Amino acid sequence: MGKQKLIRVLCLSGLVALLFYVLHDVVGGLYYPGYNRMTQAVSDLTAVNAPSRVVAGGLSTAYGLFACLCCTLVSIIAYENRIGTPGFRLGVYLFSIMNWVSAVGYALFPLSAAGYAGTFQDFMHLYGITIPVVLLSILSLILLIIGGTRSGKATKGMPLWAGLALGCMVIGAIGTGAAPAAYFGVLERFSTYSAVLFTAVLGLYGYRFFYRGSSKATPEPASTKL
């Protein structure tokens with residue numbers, strides 16, 4: 001297998017990341033007696049004192065590795081082939097950085113207990129990691145929406161996917177603060193799964209569109225527009 005084809009195939013690691021994230025949520029819940037997805041956050045499964053920590057934590061680590069691999073490769077492809085506008089490429093880079101911050105940050109600072117116990121570790125989890133992850137996600141998706149509409153056939157459909165992901169993030173962010181606690185877990189998953197699903201979508205774009213060796217499409221010439 002040639003280098004170009006290998007890189008394209010490895011972009012599908014975004015789909016593998018999605019599988020591991022779902023497994024960490026579903027299988028992790030099986031090892032957490034009384035866990036309620038309607039009311040509890042996904043991060044409760046990997047809390048230090050959670051009975052599901054070993055299983056859910058391992059699956060979550062695998063998710064992070066594959067997600068970072070996918071986004072890093074897509075970033076390299078976008079850079080080397082000058083995919084889309086500079087603003088579009090910046091959106092890809094920032095989304096990749098977001099995944100790295102998420103994977104490393106949450107591994108270093110898991111919740112000390114389900115919910116928020118107020119320790120330094122919990123403070124870093126919520127304010128030191130979650131807030132930057134959310135801001136990077138929103139900024140990158142906005143850039144992908146704007147840049148994708150100006151980047152030609154190589155990014156066809158990307159603004160729609162980015163818009164859907166951004167909409168779900170907003171719903172999750174607003175909903176977790178405004179909705180009754182009985183639905184916190186459901187609304188929190190709007191935010192978390194939107195990023196996970198978009199990583200898989202980005203990987204598919206990397207495989208199908210973002211490489212000159214692909215027979216599906218040829219990237220547009222470099223543009224100076226946002």
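Just so you know, these numbers come straight off a predicted model, no measurement behind them.
The hydrophobic cluster containing Leu12 does not contain Val16, counting ILVMFWY residues as joined when their side-chain heavy atoms lie under 4.5 angstrom apart, directly or transitively. Cluster annotation: Leu135 and Phe190 are assigned to distinct hydrophobic clusters (Ile/Leu/Val/Met/Phe/Trp/Tyr, side-chain heavy-atom contacts under 4.5 Å, transitive). Leu73 and Leu6 fall within a single hydrophobic cluster, where Ile, Leu, Val, Met, Phe, Trp and Tyr are joined by side-chain heavy atoms under 4.5 Å apart, directly or via other members. Residues Val196 and Leu164 are members of separate hydrophobic clusters, defined by side-chain heavy-atom contacts under 4.5 angstrom among Ile, Leu, Val, Met, Phe, Trp and Tyr. The same ILVMFWY cluster, assembled from side-chain heavy atoms under 4.5 Å apart, contains both Leu166 and Leu160.
Legend: salt bridge (charged side-chain N to carboxylate O under 4.0 Å, His left out) pairs involving residues 138-149, not counting sequence neighbours: none detected. Sorted by first and then second residue, the salt bridge (charged side-chain N to carboxylate O under 4.0 Å, His left out) pairs involving residues 118-134 (not counting sequence neighbours) form an empty list. Counting only residues at least two apart or in different chains, side chain to side chain donor-acceptor pair (under 3.5 Å) contacts with residues 42-61 comprise Gln40-Asp44. Residue pairs meeting the ring-ring contact (aromatic ring centres under 6.0 Å, His included) criterion with at least one partner in residues 50-81, sequence neighbours excluded, are Phe20-Phe66, Tyr21-Tyr63. Evaluation of the side chain to side chain donor-acceptor pair (under 3.5 Å) test over residues 68-78, restricted to residues two or more places apart or in two chains, returns Thr72-Trp100.
Side-chain contact check for Phe88 versus Ile83: some heavy-atom pair is nearer than 4.5 Å. Taking the side chain as every heavy atom from C-beta outward, Val48 and Gln121 approach each other to under 4.5 Å. A heavy-atom distance below 4.5 Å is not found between the side chains of Ser191 and Cys168. Taking 4.5 Å as the limit, some side-chain heavy atom of Cys71 sits within range of a side-chain heavy atom of Leu202. Considering only heavy atoms from C-beta on, Tyr205 stays 4.5 Å or farther from Val74 through its side chain. Taking the side chain as every heavy atom from C-beta outward, Leu136 and Ile97 approach each other to under 4.5 Å. Side-chain contact between Glu188 and Val42 is present, with at least one heavy-atom pair separated by less than 4.5 Å.
A distance-only check finds no donor-acceptor pair linking the side chain of Arg208 to the backbone of Leu204 [under 3.5 Å]. Checked by atom type and distance alone, the side chain of Ser96 never pairs as donor or acceptor with a backbone atom of Val92 at under 3.5 Å.
In this structure, the side chain to side chain contact (heavy atoms under 4.5 Å, CB included) partners of Ala195, at least two apart in sequence or on a different chain, are Met98, Met169. Under the rule for a side chain to side chain contact (heavy atoms under 4.5 Å, CB included), the partners of Leu139 that lie at least two apart in sequence or sit in another chain are Leu94, Leu143. Annotation: side chain to side chain contact (heavy atoms under 4.5 Å, CB included) contacts of Leu19 (sequence neighbours excluded): Leu23. Under the rule for a side chain to side chain contact (heavy atoms under 4.5 Å, CB included), Leu30 has no partner lying at least two apart in sequence or in another chain. Partners of Tyr193 by side chain to side chain donor-acceptor pair (under 3.5 Å), not counting sequence neighbours, listed by chain and number: Asp25.
For the residue pair Cys70 and Cys11, the shortest heavy atom distance occurs at SG-O, 3.4 Å. In plain terms, the two heavy atoms of Ala103 and Gly64 that are nearest each other are CB-CA, 4.1 Å. Taking all atoms of both residues into account, the shortest heavy-atom contact from Gly28 to Ala56 is CA-CB, 4.0 Å. Residues Cys68 and Asn99 approach most closely at SG-O, 3.6 Å, considering heavy atoms. For the residue pair Leu59 and His24, the shortest heavy atom distance occurs at CB-CB, 3.5 Å. Closest approach of Ala67 and Ala17 over heavy atoms only: N-CB, 3.6 Å.
Expressed to the nearest 0.5 Å, how far CG of Leu90 lies from CZ of Phe95 amounts to 13.5 Å. One distance of note links OG1 of Thr199 with CG of Leu69; it measures 11.5 Å at 0.5 Å rounding. Atom-to-atom distance recorded for Asn81:CG and Ile76:CD1 is 11.5 Å, nearest 0.5 angstrom. Once rounded to the nearest 0.5 Å, the distance linking CD1 of Ile145 with OG1 of Thr155 reads 12.0 Å.
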Just list the side-chain donor-acceptor pairs under 3.5 Å for residues 123-132, sequence neighbours left out, or say none.
unit_1	atom_1	unit_2	atom_2	d
His125	ND1	Phe109	O	2.8
Thr130	OG1	Tyr106	OH	2.8
Thr130	OG1	His125	O	2.7

Show me the donor-acceptor pairs within less than 3.5 Å that the side chains of residues 170-184 make with the rest of the protein, sequence neighbours left out.
unit_1	atom_1	unit_2	atom_2	d
Thr176	OG1	Gly172	O	3.0
Thr176	OG1	Ala173	O	3.1

*asked:* Applying side chain to side chain contact (heavy atoms under 4.5 Å, CB included) to Val201 and Leu197, what does each step give before you reach the verdict?
replied: CA-CA 6 Å; Val201 169; Leu197 286 168; 5.6 Å; no
